Structures are given as structure tokens and as C-alpha cells.
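This is a predicted model, so every value here is computed, not measured. The basis for the numbers below is simple: all heavy atoms, side chains too, and nothing from hydrogens, waters or symmetry mates.
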Number of protein chains: 2
Amino acid sequence: MFGHSSRTRGRRGADLATRTSPKLSMLEQFAKVAKALGNPHRLDLLELLAQGERSVEALAAASGLSFANASQHLQVLRRSGLAVSRRNGLHVLYSLSGDDVLALMGALRRTAERHVEEIDRLLRGYFHQRDALEAVSRDDLIGRLTDGSVTLLDVRPPEEYAAGHLPGAVNIPLKDLKRRLSELPEATEVVAYCRGPYCVLAYEAVAALRKCGRAARRMEDGFPEWRMAGLPVETDDVIEAATTVAKPPSS
Amino acid sequence: MFGHSSRTRGRRGADLATRTSPKLSMLEQFAKVAKALGNPHRLDLLELLAQGERSVEALAAASGLSFANASQHLQVLRRSGLAVSRRNGLHVLYSLSGDDVLALMGALRRTAERHVEEIDRLLRGYFHQRDALEAVSRDDLIGRLTDGSVTLLDVRPPEEYAAGHLPGAVNIPLKDLKRRLSELPEATEVVAYCRGPYCVLAYEAVAALRKCGRAARRMEDGFPEWRMAGLPVETDDVIEAATTVAKPPSS
DNA sequence: TCGATATTCAAGAGAGTTATTGAATAGTAT
DNA sequence: ATACTATTCAATAACTCTCTTGAATATCGA
């Protein structure tokens, strides 16, 4: 078929595909999206974008990438259709292009979890007390919230909390946790959540709380998964990066 | 593998690298899986693998790749956990590592469909009569099958048909369709299916049938989606290492 | 207009990916 | 064993990706 005719040196990639088969052209488009996902920094940026719309500057700082580098990665995400951007004054604000991107990231995570054995090693190595840090599922949490037997703790940075958080959650960023421990009632168990299933913030918050003698567990998912499940979300007026966040009044 | 992270942290502060290090390691694993998806030939191979277990030789022939090249791509898929292989005599048989891989491919396709505008262009360009080739959904098809008002046509190659097909489907590969047209009853509508939503075989079969004055439509999905939905599947028992040379059944 | 700021662009070094070729390995049959 | 086959490995050349640097562009406020 097509491969044998192209055996004559050179001419690969888009040319080959467009010349030979409509299907390969389609697959090339799919591959472009997959390629955009195929870099850890871009996956990190996508998780940050899943918390809400943010400027290049904020994303570069949060991901630890240089400014130009973050910009280039974000452009890859935009060109692949995974993210979109809009200009707001001096800032360019990036966000995910839709909830299907979250679904795709979830599918990627599940497959990687199930098939890449090194992930198990990493989980045991880095998230060392993982067995002790048993997660609370979304459904469990909903039940526990209605009967008031838990305090819900959001350990993300304030700007991410402001862009959207679980109803009734208290926001104490990880680094302030020890100092502000008194803000959490001692009687009830604390359930902490952060950006997503493999965000370390919640793990470390739970570890820190237990060290202080508190009962604490981590929620299985992060904020984006909660929002995507159609569950209620609370929003504060945006602090940084003045954007027009159209939202229906709640609470 | 982890070479770059320790070298470049001079200016942005070491805490970022340290804080996100376990997470970046996780993301690196996820990225490895995404990278494996990020090549059109490998996506093509994955779709072939979704039809059933097959030898490197058969996969190379079906995808049009050279032998060594197909082998290398398949090894990438195996290393990323998307595919598994087992030895059977002279042949090494590859297959998908699980149904979650199909789910991942589906999520990738949906995101690409929704966000990559070039795909629309391709659909209009190559699958030119697309509006006329309106698809039958799985549920519709199930209804139509039970009341006997359709003939179900599998246009994939015989070895893929043998590895699994929809109950009651007639197998006529695309290239034999004109010659074997008489095997299809004239009275009932024909519904054709093939490897998946963007496999061209069914599109072309429907176009060919209509040219001959038959009523024909294409099923929305292919065989793998049908099987993954838990719907009944028929298998011809004889295949194991199906290659171009038909071996007589020995067991 | 100007200067200040946020982002993008351009160019280049270094690492990684791809397809090809030919050689090496692992199984099977004689 | 020996010949044979299917697959993998190794080496190579062309190409792509990533990150850095410094310059260019766009927007805002004075």
C-alpha cells in the first residue's frame, strides 16, 4: 500500500500522510493532540489551567518554567486545541478549551496508572504514607458534608481558590497551614483537596495535620473533577488578573 | 531521563523543582503514554490491534510499514503499556493491554474532533459525500436487526472478521464488494461497519453500494466500540496467528 | 508622543524521534 | 546440528522538540 511506495528516502510526516490516505491525515490530527499531551510540563500547565483562567506570567511562576518557555508550551497547547487564550489588557489569559480536555486527561491518567508499573514505584516512594492517607471519595464526602461531620480544606493558592472552590471549603495554602492551624476546628475530621488526583498539596497537608494530632484525610479528586461532575461550585471575585468572570450569584 | 531538571534551576528557585518533583515524575509517566499515542502510524497500529491479536508481520502488512519499523513502533506501544505481546511459535502476537486503551483513544478522538478545526476540513474534503453517508447509531442498529429489516455487512479483511465480528454480519472485504454484490439481498438496506469511526472502509463500501443502486448506510462505530460496549460478539475459532498464508487448522 | 510591562518571535545548541539498512537472535522443521 | 523464518537489535541520517537568549510587538498610562 502506501509504505512501500515511500521507501525511497526522505519525505515523511505530513506529506506522506496527506498524499496517501485520508485516514492517516485524520490520525495525524489526533496525533497532534496526543503530542501536545506528551510533555510533563504541558501536563502540569494543563492541570493549572484546569483550576481556572490564568495569565502566562502566573502560569510560568506556578509551573517553575521560564517565561518564554511557558509561553511556547502554552502556544503548543493552543495550537493543538487543548487550550484557548484571550487578551485582557496587558495580559493574555489561557484556559482549557472545554471539559472534554479534562476527560481526556482523566483517561490518560487511568491508562497510565493501570499499565505503567513504574507509577506504583513512584507512589510508594514519594507518597510514602500512602496507605495511611486513604482518600475520601466524592460521594462519601457529599454525605459527610451534609451531616456536618467534616471540615473541608482547600490547600491551593488563594488565586486558584478564588477562581472556584467546593462550597464551604476553608482556604489555607499549604505553607500557611501550621501557622493557621487554629482556624480549623479540633473536633471534626478535616478533608483536604487540591488540584487533582496527583497534586501533592493535599497529601502533604494531610501528613502535616496528622503530625499535629488532627484527624485528616484527602479527597480522592481535585477541584476540576468536582466541577466536571456537575457538582456545585463557589466562586469569589477574582483577585489577581482582573477578568470579567460572569457567574450566577450563589450561596 | 531526568537529566534536565537539576541543571536549569538556578534562577527560578530550587523550591519549585523540589516541591513538584514527585509530581513531575508522575507527569513524566503520563507523558510517556501520551507520547506513544503521538504518532499517526502508532494510532493506526492501535486501531488494528483493537480488532484483535495479530503478528508483527500481519500488522506491518496491514499498516504499510516496513517490518523493522512496525516492530519498533510496536515496542514503543509495549513499553508505554498500551500494548502487550506474547510469543506463539515463530510469531510474536501483539494486542491491546486493556479496554481502557480504547477509552483513551475515544477520548482523544472526541477532543481532536471538537477542537481541531482542520479535521472538519478533512472530513469535508476526503469523505466528500459525508452528509449523504449518514450513520446508523448502535442503538438504532440493534432495533433494526431484531426486526430483520437490515443486512449487516463487515467490510474488514477476513482475518479481522474471524477474530471477532457483530452477530449475523456478512463479511465481504471492500475490494471484493463489486464482484460479490449478489451475496447481499436486494430488498433490505445494508448497514456497513469496519474498524472504527474513522476507518474509511465503511464509507467507501456505502459509496460503492449506492452506486450500484443499493440502499446502504454506515454504522457509526466500528467493531471495537461495539465489543467494548459489552454487546454480543461472534468469533470464528480458527485464527490464532493469522497471516497471508492460510494454515490448515491442526488442533 | 514616550516609557513600562506582558507576551511573542527568532535563532541556535543539544537531545530525542523516525525510517532505513543490514546483522543478530530465537524459535521451528528437517 | 543445519537451514529457515519471524522478530529484534544496532547504526545511521534526517528531522523534530526543548530550552535559552535577546530582540520585537502589543497594550496601557502619563
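Between B/Ala83 and B/Tyr94, the shortest heavy-atom contact is CB-CD2, 4.5 Å. The nearest pair of heavy atoms linking A/Leu108 to B/Ala34 is CD1-N, 3.9 Å.
The distance from atom CD of A/Glu28 to atom P of D/dC15 is 16 Å, rounded to the nearest whole Å. Atom CG of A/Leu27 is separated from atom P of C/dT18 by 15 Å (rounded to the nearest Å). Residue B/Leu59 contributes atom CG, which lies 14 Å from atom P of D/dA6 at whole-angstrom precision. Taking atom CG on A/Leu45 and atom P on D/dT18, their separation rounds to 12 Å, with Å as the unit. Nucleotide D/dT7 holds its P atom 15 Å from the CG atom of B/Asn69, rounded to whole Å. D/dT16 atom C1' lies 15 Å from atom NZ of A/Lys32, rounded to whole Å.
The rotation axes computed at either terminus of the helix from C/dT1-D/dA30 to C/dT30-D/dA1 lie 30° apart, taking five pairs at each end and rounding to 10 degrees.
Checked against side chain to side chain donor-acceptor pair (under 3.5 Å), A/Gln72 has no partners two or more places apart in sequence or in another chain.
For the pair B/His73 and C/dT17, the criterion of a side-chain N or O lying under 4.0 Å from OP1 or OP2 is not met. For the OP1/OP2 pair of C/dA19 and a distance below 4.0 Å, the side-chain nitrogens and oxygens of B/Ser66 include no atom meeting the criterion. Phosphate contact (OP1/OP2 of C/dT18, side-chain N/O of B/Asn39, threshold under 4.0 Å): present.
Residues A/Ser97 and A/Val101 are in side-chain contact: their nearest non-hydrogen atoms beyond the backbone lie under 4.5 Å apart. Within the 4.5 Å cutoff, the side chain of A/His73 has heavy atoms near those of the A/Asn39 side chain. In this structure, the side chains of B/Pro173 and B/Arg180 come closer than 4.5 Å at one or more pairs of heavy atoms. Considering only heavy atoms from C-beta on, A/Leu104 comes within 4.5 Å of A/Val33 through its side chain.
Closest contact between the side chain of A/His41 and the listed nucleotides D/dC17, D/dC19, C/dT17 involves D/dC19.
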**Report entry** Footprint string (nucleotides 3-8 of chain C, 5' to 3'): B base within contact, S backbone only, - free, heavy atoms under 4.0 Å
**Finding:** --BSBB

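Just one of B/Glu47, B/Glu225, B/Glu160 meets the salt bridge (charged side-chain N to carboxylate O under 4.0 Å, His left out) condition when paired with B/Arg195; it is B/Glu160.
Taking the charged nitrogens against the carboxylate oxygens, B/Arg109 and B/Glu113 do have a contact shorter than 4.0 Å, which makes a salt bridge.
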